[in-house]
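By convention here, the first residue in the shown sequence is residue 1.
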Amino acid sequence: MSEDDSNMEEYPTEIHDYLTAFEKSLGSVDEMLKTMMSVSRSELQKLDPLEQAKLDLVSVYTLNSMFWVYLATQGINPKEHPVKQELERIRTYMNKVKEIADKKKAAKLDKGAASRFVKNALWEPNAENEHSSKTPAKGKKRQ
């Protein structure tokens, strides 16, 4: 009997797919954490403040989410634990950072270009236009 067969006997077969997906997800989290931990803090300080805020918020959110899962595995309802309020607080800050990032990406008005556009779009009477205004109206043929 292989090790997988003995592990299969320890839990119901109905949850095997869920546990396999959980194991893959846990491996992904582990890889991401290793990547984050491999970058030195001095390199992270070179980021602009908005990027630093994003990184810090993602780190804190991940840590609290993992604690949420830990509580669930220990039989504690995380919805009744203060970690729920902490996750909501972090989400609020994530939304604020997203709003700031969206404002940075928003199109900015070039006042000079806008004034030139309006100025050129407006009709201004001058000697040339006054002469041409004496031409017959549209729809009438000149004789």
Side-chain angles (χ1 to χ4, degrees), residues 1-140:
M1 198 185 285
S2 71
E3 187 178 329
D4 288 339
D5 291 337
S6 65
N7 287 341
M8 288 282 287
E9 294 174 8
E10 294 178 17
Y11 58 86
T13 56
E14 300 87 35
I15 63 169
H16 178 73
D17 293 337
Y18 293 114
L19 290 174
T20 304
F22 178 72
E23 185 178 21
K24 285 181 184 177
S25 297
L26 199 55
S28 298
V29 169
D30 189 39
E31 286 180 34
M32 292 300 269
L33 285 173
K34 285 179 183 175
T35 303
M36 283 182 61
M37 298 305 283
S38 68
V39 178
S40 70
R41 193 68 183 159
S42 62
E43 288 181 41
L44 294 176
Q45 289 178 343
K46 294 177 185 174
L47 295 173
D48 68 331
L50 189 61
E51 293 299 318
Q52 282 183 341
K54 286 180 183 179
L55 180 66
D56 290 341
L57 285 169
V58 167
S59 300
V60 169
Y61 190 82
T62 302
L63 186 65
N64 280 283
S65 296
M66 291 172 70
F67 186 67
W68 176 286
V69 171
Y70 171 76
L71 289 174
T73 61
Q74 299 302 307
I76 300 170
N77 185 0
K79 292 179 182 176
E80 297 172 358
H81 193 275
V83 73
K84 181 179 182 200
Q85 287 84 18
E86 183 65 15
L87 285 168
E88 289 172 1
R89 186 178 74 86
I90 296 166
R91 263 191 235 118
T92 302
Y93 285 114
M94 289 173 115
N95 288 335
K96 287 180 181 180
V97 168
K98 185 179 183 303
E99 287 175 14
I100 292 169
D102 289 346
K103 284 181 183 177
K104 275 185 139 181
K105 291 179 186 176
K108 293 185 174 63
L109 177 65
D110 183 355
K111 292 181 182 178
S115 64
R116 289 190 302 274
F117 177 77
V118 170
K119 183 178 178 182
N120 290 329
L122 295 175
W123 179 79
E124 293 181 16
N126 57 28
E128 193 176 293
N129 286 341
E130 288 176 9
H131 178 71
S132 62
S133 65
K134 294 180 182 176
T135 59
K138 290 183 181 178
K140 294 185 179 178

### Task
Start with the C-alpha distance between Glu86 and Arg89, add both sets of side-chain angles, then the distance that settles salt bridge (charged side-chain N to carboxylate O under 4.0 Å, His left out), and finish with yes or no.
CA-CA 5 Å; Glu86 183 65 15; Arg89 186 178 74 86; 2.7 Å; yes
Within a strict 4.5 Å, meaning less than it, do heavy atoms of the [X] and [Y] side chains meet?
| X | Y | answer |
| --- | --- | --- |
| Phe22 | Val69 | yes |
| Glu23 | Leu19 | no |
| Phe67 | His81 | yes |

### Query
Around Met36, counting heavy atoms of other residues, nucleotides and ligands shown, do more than 12 lie under 6.0 Å from its CE?
yes
### Least distance between heavy atoms, Pro78 atom then Val83 atom
O-CG1, 4.0 Å
Atom pair [atom1]/[atom2] of [X] and [Y] - distance to nearest 0.5 Å:
| X | Y | atom1 | atom2 | answer |
| --- | --- | --- | --- | --- |
| Asn95 | Ile90 | CG | CD1 | 12.0 Å |
| Asp30 | Ser25 | CG | OG | 12.5 Å |
| Glu43 | Ser38 | CD | OG | 8.5 Å |
| Asn77 | Trp68 | CG | CH2 | 7.5 Å |

Atom pairs and distances, donor-acceptor, side-chain atoms in residues 51-64, under 3.5 Å, two or more places apart:
residue, atom, partner, partner atom, Å
Gln52, NE2, Leu44, O, 3.2
Gln52, NE2, Gln45, O, 3.3
Ser59, OG, Leu55, O, 2.9
Tyr61, OH, Arg91, NE, 3.3
Tyr61, OH, Arg91, NH2, 3.4
Thr62, OG1, Val58, O, 2.7
Asn64, ND2, Val60, O, 2.9

### Task
May I ask you to decide whether Lys96 forms a salt bridge with Glu99, counting only side-chain N to carboxylate O separations under 4.0 Å?
no
